[in-house]
Amino acid sequence: MRSDEVKKGFDRAPHRSLLRATGLKDEDFNKPFIGVANSFIEIIPGHFFLDKVSDIIKDEIRKAGCVPFEFNTIGVDDGIAMGHDGMLFSLPSREIIANSIETVMNAHKLDAMIAIPNCDKIVPGMIMGALRVNVPTVFVSGGPMAKGYTQDGTPIDLATAFEAVGKFEAGEITEAELTDIECNACPGGGSCSGMFTANSMNTLMEAMGIALPGNGTILALTKEREVLYRKAAKRVCEIALMKSEEEKAKYNMKNILNENAVRNAFAVDMAMGGSSNTVLHMLAIAKEADVNFNLEDVNKVSKKVSHIAKISPSLTTIHMQDIDRAGGVSAVMHEMTKRGKDILLDNLTIMGNTTLEKIANATIKDTNIIHTIDNPYSEVGGLAILYGNLAEQGAVIKTAGIIGERVFTGTAVCFDSQDDAIKGIIDHKVKAGNVVVIRYEGPKGGPGMQEMLAPTSLIMGMGLGDKVALITDGRFSGATRGASIGHVSPEAAEGGMIGLLKDGDEIHIDVDKYILSVNLSDEEIAKRKADFKPIKKELKSSWLKQYRALVTNASNGAILRTDLF
């Protein structure tokens, strides 16, 4: 066992002495050591109950004949960090989480791991860390939150609460209606109930085979979820206790999360209209997995996949619990295979079966919730990558969330920060026919690539959702909807075209032709580049200074550079 390095031999007596201090007995030194990577934190609704979840998991690990060692990662709640400078720390937290997983697992030579993520950057951060460690790893998330209801019975969620602010600003709802939404949008523990970033990533873990069926859709804090926790804990011990090292190694993280798994994740993402953030995170995950998958490959996948499940914020009445009732992610995946053999690639999963074996008996139980491939929302996937002189290295749009036309030409209204944009929208500087440009919010320019849920929600709430577009080198919350284009690369801070735009410039968007461009002559662009000096924000944070110095742009997954060392 890998852990023998810290527990076997006469020269490891001091190590065993320390381990005995934690409660280990003689018999424990012959058992596999299992890392229980928990993301328990009390301020995040999807995580405040995970201390109880780890108790369940550790109990099952002990019953199965292994020794659990729980450790924690940090976490940032994007919703609470939204709209102020706290959001600068959200994307960088992904790197801290990955580093912490790598540090604890390798410092103590643990044999296998079960990871308990749920929200925001925590899921991809844990996956990235697990890939670096490369031991058998089972993921089991805390589970999605139930949807809320207003007093009149309307289904609502966090996106409703953000958009309600815009509606209140526009005088469309009363303060009492705003309070009703505030108090009922998030009714209890779990990752926010729509196909936002957290639940997008939690479903993609099913697609990649590193989590069990139901991981993305079974509600948090239910008996069904506890069954899933125990099954996941039992499985990690089954692998760790295998006698054959060759058989055990089959389940090392990089053998499960390989190129086929990455492509399956993007295919399922397209079919379910996941958050645009999944592109950012999956590119980073692919690089950690040593998989050759780049931004330009996303559209190739999209063209093969029908969009068959539409979930909030794209369709505000449908939430994760509805998808679960309709057959779950496995039903979506099974339906996808009917379009062709190369839509989902067969691959070993952490449970020991293959992708196609896993979904063989899955069926759609409600075709109003999960459509058939004969009745898709769209013949192509729910995400697209746009290119042009305004995004030479690409930009991302969640096509599933578009309100209005897929072709849009408008005049730029430019803001050099999210705060300025929010103020400008509230002050009615944005009119029908405009393209809102928010720049210097990319990975390097922010730094930290802020999410733009506040401005997009204001636009929707003020009734401009189908009348304006928005582009940014920042990113969007999974709760964003509308013609919102993010991850524009190169970003303004590195001299990208988005930094050269001026108010009144004509911007053209054609989603179906994958175009994002500004109607300027080559001569005018060259003139602006000659005079351009990017804004560099002053920073007090030592961590954000380090991050800005090392981070790459969104087209590279905003990973940190390691080639400097």
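Sequential numbering from 1 along the given sequence is applied to the chain's residues.
The environment of CG in Asp342 is crowded: more than 12 heavy-atom neighbours from other residues, nucleotides or ligands sit within 6.0 Å. In the displayed structure, Lys304 atom NZ is contacted under 6.0 Å by more than 12 heavy atoms of other residues, nucleotides or ligands. Counting heavy atoms of neighbouring residues, nucleotides and ligands inside a 6.0 Å radius, atom CD1 of Ile43 does not exceed 12 of them. More than 12 heavy atoms of other shown residues, nucleotides or ligands fall within 6.0 angstrom of atom NZ in Lys63.
A salt bridge is defined here as a Lys NZ or Arg NE, NH1 or NH2 lying under 4.0 Å from an Asp or Glu carboxylate O, and Lys52 with Asp55 fails to meet this definition. With respect to the salt-bridge test (charged N to carboxylate O, under 4.0 angstrom), the residues Asp111 and Lys248 do not qualify. Between Arg235 and Glu238 there is a salt bridge, since a side-chain N of the basic residue sits under 4.0 Å from a carboxylate O of the acidic one. Comment: Glu60 does not engage Lys234 in a salt bridge, judged by the lack of any side-chain N to carboxylate O separation of less than 4.0 angstrom. At a threshold of 4.0 Å, the pair Asp120-Arg94 does not count as salt-bridged, since none of the basic side-chain nitrogens sits closer than that to a carboxylate oxygen.
Proximity of the aromatic rings of Phe40 and His47 is defined here by a centroid distance below 6.0 angstrom, and this criterion is not met. Residues Phe266 and Phe293 place their aromatic rings such that the two centres sit under 6.0 Å apart. Aromatic ring centres of Tyr377 and His371: separated by under 6.0 Å.
Between Leu470 and Pro455, the shortest heavy-atom distance links the atoms CD1-CB, 4.4 Å. Considering every non-hydrogen atom in both Lys545 and Leu539, the closest pair reads CE-O, 2.9 Å. Between Pro313 and Met195, the shortest heavy-atom contact is CD-O, 4.2 Å. Across all non-hydrogen atoms, the minimal contact from Lys147 to Pro155 is CD-CB, 4.2 Å. Of all the heavy atoms in Leu295 and Gly394, the pair that sits closest is CD2-CA, 3.9 Å. Contact between Gly75 and Ile44 at its shortest, heavy atoms only, is C-CD1, 3.7 Å.
No hydrogens or angles considered: nothing links the side chains of Asp473 and His487 as a donor-acceptor pair under 3.5 Å. Residues Gln393 and Ser555 bring a donor and an acceptor atom of their side chains to less than 3.5 Å of each other. With no hydrogens or angles considered, no side-chain donor-acceptor pair links Glu163 and Ser457 at under 3.5 Å.
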Show the numbers, then the answer: is there a side-chain contact (heavy atoms from CB on, under 4.5 Å) between Cys66 and Lys58? CA-CA 9 Å; Cys66 297; Lys58 287 185 292 184; over 6 Å; no
Does the pair Lys444 and Glu491 meet the rule for a salt bridge (Lys or Arg N to Asp or Glu O under 4.0 Å), with working shown? CA-CA 8 Å; Lys444 191 176 290 291; Glu491 60 175 294; over 6 Å; no
For Arg475 and Met452, run side-chain contact (heavy atoms from CB on, under 4.5 Å): C-alpha distance rounded to whole Å, both residues' side-chain angles, the deciding distance at 0.1 Å, then the answer. CA-CA 6 Å; Arg475 60 194 176 90; Met452 303 289 159; over 6 Å; no
Could you walk me through whether Val332 and Glu335 satisfy the side-chain contact (heavy atoms from CB on, under 4.5 Å) test, starting with their C-alpha distance in whole Å, then the side-chain angles of each, then the deciding distance to 0.1 Å, before giving a yes or no? CA-CA 5 Å; Val332 172; Glu335 188 66 19; 6.0 Å; no
Show, in sequence, the C-alpha distance, side-chain angles and deciding distance for Phe476 and Glu451, and conclude whether the side-chain contact (heavy atoms from CB on, under 4.5 Å) test is met. CA-CA 4 Å; Phe476 297 110; Glu451 287 189 346; over 6 Å; no
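In this structure, Glu42 CD and Phe49 CZ are separated by 13.0 Å, a value rounded to the nearest 0.5 Å. Annotation: the span from Asp77 atom CG to Ser191 atom OG amounts to 11.0 Å, rounded to 0.5 Å. One distance of note links CD1 of Ile311 with OG1 of Thr217; it measures 9.5 Å at 0.5 Å rounding. Taking CG of Leu348 as the start and CD of Glu357 as the end, the distance is 9.0 Å to the nearest 0.5 Å. Remark: Ile61 CD1 to Cys237 SG distance equals 5.0 Å, nearest 0.5 Å. Note that CD1 of Ile210 and CE of Met351 are 14.0 Å apart. Values are rounded to the nearest 0.5 Å.
The side-chain hydrogen bond (donor to acceptor under 3.5 Å, both in side chains) check on Ser330 picks up nothing, with sequence neighbours excluded. The side-chain hydrogen bond (donor to acceptor under 3.5 Å, both in side chains) search around Asn299 returns none, not counting sequence neighbours.
Here the options are Thr197, Asp78, Asn277, the test is side chain to side chain donor-acceptor pair (under 3.5 Å), and the partner is Lys121; only Asp78 passes.
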